[in-house]
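Just so you know, these numbers come straight off a predicted model, no measurement behind them. Note that ligands are numbered from 1 as they come in the structure, with each ligand's atoms numbered from 1 the same way.
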Amino acid sequence: MKIVDAKVIVCSPGRNFVTLKLITEDGIAGLGDATLNGRELSVASYLTDHIIPLLIGRDARRIEDTWQYLYKGAYWRRGPVTMSAIAAVDVALWDIKAKSLNVPLYQVLGGASRDAVMVYGHASGDDVEQTLGSFGHFLSLGYKAVRAQSGIPGLNSTYGISHGTMAYEPAEKNAPPENQWSTEHYLRHVPQFFARLRKEFGPEVHMLHDAHHRLTPIEAGRLGKELEPFHPFWLEDPTPAELQESFRLIRQHTTTPLAVGEVFDTIFDCQQLIQEQLIDYIRMTVVHAGGISHLRKIANLAEIYQVRTGSHGATDLSPVCMGAALHFDLSVHNFGIQEYMPHTPETNSVFPHAYTFRDGFMHPGDAPGIGVDIDEPLAAKYQYQTAYLPINRKLDGTMHSW
Ligand code: CS2
Ligand code: MG
C-alpha cells in the first residue's frame with residue numbers, strides 16, 4: 001500500500017490550522033493535525049520541504065518503521081516542530097490503517113476500554129461573579145468537570161479569560177499581546193475563588209485550574225495546600241516543567257493532584273515526572289507528542305506508575321487532533337480526562353467529523369479511521385493569517401512565563 005501523494009493544507013477558519021493529507025495507491029486518504037500555535041508555518045515547511053519527499057513510495061502500513069525513520073533519520077531529535085510534523089504523519093498513517101480495515105481507529109488500538117470519554121469544559125470570566133455564571137452554564141450543558149479561570153483583581157489581563165461567545169483563543173494577529181502578572185495578586189485570589197466555587201456548586205463537580213507555568217515550586221506548594229479543602233480535580237502546569245525534579249518540592253507540601261505536559265513533545269520530557277510519581281495526569285496529546293504511536297508509549301509508562309492521561313484539547317488543536325485523541329482516550333486503560341474546547345462553527349464546517357458530545361462525555365464515533373475529514377475547497381477560502389501567542393510581564397516589566 002504505497003503512499004503516492006501528500007499535501008499540507010494551511011487554513012484559518014477563525015484561527016490557523018495545519019493539516020497533512022496522505023493518499024495511498026488504493027485511494028485511501030489519511031489526515032494528521034500539524035498545528036503548532038504561533039509557529040504554524042515552521043511545521044508546514046518541515047513537512048512540505050523535508051518530510052513529504054521521503055514519504056512518497058513508502059508503504060503506508062509500516063507505521064512504527066516510518067516513525068523511527070523520521071525520528072532517528074532527522075539526526076536532530078525532539079522539539080515541538082519536529083514532533084508535531086512526525087505526529088501528523090503518524091496520525092495520518094493510523095487513519096489509513098483503520099480505513100483500510102473499514103473500522104474506527106479505537107478498534108485497531110485495542111478496542112474500547114470504556115463507553116465514552118469524560119471531558120472538561122472551560123468556565124471563565126473577568127471576575128468571580130462572571131466566572132460563577134460561566135461555570136453554571138457548563139453544568140447546564142451536562143459537564144461533570146469544569147476548569148475555572150477568572151480575572152485577577154488588580155491585573156488588567158491574565159490567562160484563560162474568554163470574551164463574548166468565543167472559547168478562549170490565545171492567538172492574536174501580527175504581534176504578541178502583552179499580559180501583566182503578579183504572583184502575589186494571583187495567590188491572594190485563587191483560594192478565595194475556589195472557596196466561592198465550592199460554596200456555590202457543592203462538593204461533587206470536578207473543578208480544575210490551570211496555573212499556566214507561572215509559579216515557583218514553593219509557591220505552587222503553597223497554592224496546592226491552600227486548595228486542598230476544595231479538593232480540585234487537578235492543578236495544571238503549577239511551575240515550568242523543564243526541571244522535572246522541581247516537582248519534588250511541590251509534592252512535599254500538597255496532595256492536590258498535579259497535571260503537566262501540554263508543552264512536552266517526547267517521553268523524555270516527562271519520564272522523571274512519571275517514574276517518581278511527581279504528577280497525577282500527563283497532559284500530552286497526539287498533535288505535539290509524536291502522534292498516536294508515541295503517546296501510547298507515554299501512556300504505557302504512565303500506567304506502571306499510576307499516572308493517568310489528561311490530554312490537551314484547546315481550540316488551537318484542530319478537530320483532526322480531537323478526533324484522533326478521542327479514539328486514543330476511548331481505548332487507553334489509564335485514561336483520566338480529556339480537555340474539550342468546542343471549535344467554532346466555521347472550523348467545524350471545514351473539518352466535518354463523527355465525534356459527538358453528550359452530557360459531559362464524548363465519543364469518537366464509529367466511522368472508519370479517525371472519523372474526521374477536511375473540506376479542501378472551503379479550507380482554501382480561509383487564508384493563513386500571522387498570529388502570535390501572548391507574552392507575559394511582571395508588573396515591573398520583567399518577562400515571565402505566559
Ligand atoms: C491551555 C491552552 O488548554 C490549556 O490548558 O494551557 O489554552 C494553551 O494556552 C494553548 O493551547 C496555547 O496555544
Ligand atoms: Mg494548560
* Take the angle between the ring planes of Tyr340 and Tyr143 and call it parallel below 30°, perpendicular above 60°, tilted in between. => parallel
* Hey, which of Phe201, Phe135, Phe233 is the one that makes side chain to side chain contact (heavy atoms under 4.5 Å, CB included) with Val146? -> Phe135
* Structure fact -> Vertex the Mg ion (ligand 2), ends Asp210/OD2 and Glu236/OE2: angle to nearest 10° comes to 100°
* So, are Lys21 and Glu376 salt-bridged, with charged N and O less than 4.0 Å apart? -> yes
* Structure fact -> Hits for ring-ring contact (aromatic ring centres under 6.0 Å, His included) against His343, two or more places apart or cross-chain, chain-then-number order -> Phe17
* Give a yes/no answer: is there an N/O/S atom of Glu339 under 2.8 Å from the Mg ion (ligand 2)? => no
* Structure fact -> Using heavy atoms and a strict 4.0 Å limit, residues surrounding ligand 1 turn out to be Asn37, His122, Arg147, Tyr159, Pro170, Asp210, His212, Glu236, Glu262, Arg283, His312, Ala314, Asp316, Glu339, Leu389, Trp402
Side-chain donor-acceptor distances from residues 356-371 under 3.5 Å, at least two apart:
residue : atom : partner : partner atom : Å
Asp359  : OD1  : Lys144  : NZ           : 3.1
His363  : ND1  : Gly365  : N            : 2.8
Asp366  : OD1  : Tyr106  : OH           : 2.4

* To do: For the Mg ion (ligand 2), find the closest N/O/S atom belonging to Glu262 and write down its atom name.
  => OE1
* **Side-chain heavy-atom pair Thr255, Glu228 within 4.5 angstrom cut-off** => yes
* Could you note down all residue pairs passing side-chain hydrogen bond (donor to acceptor under 3.5 Å, both in side chains) where residues 34-44 supplies at least one of them, sequence neighbours left out? => Arg15-Asn37, Arg15-Glu40, Asp33-Thr35
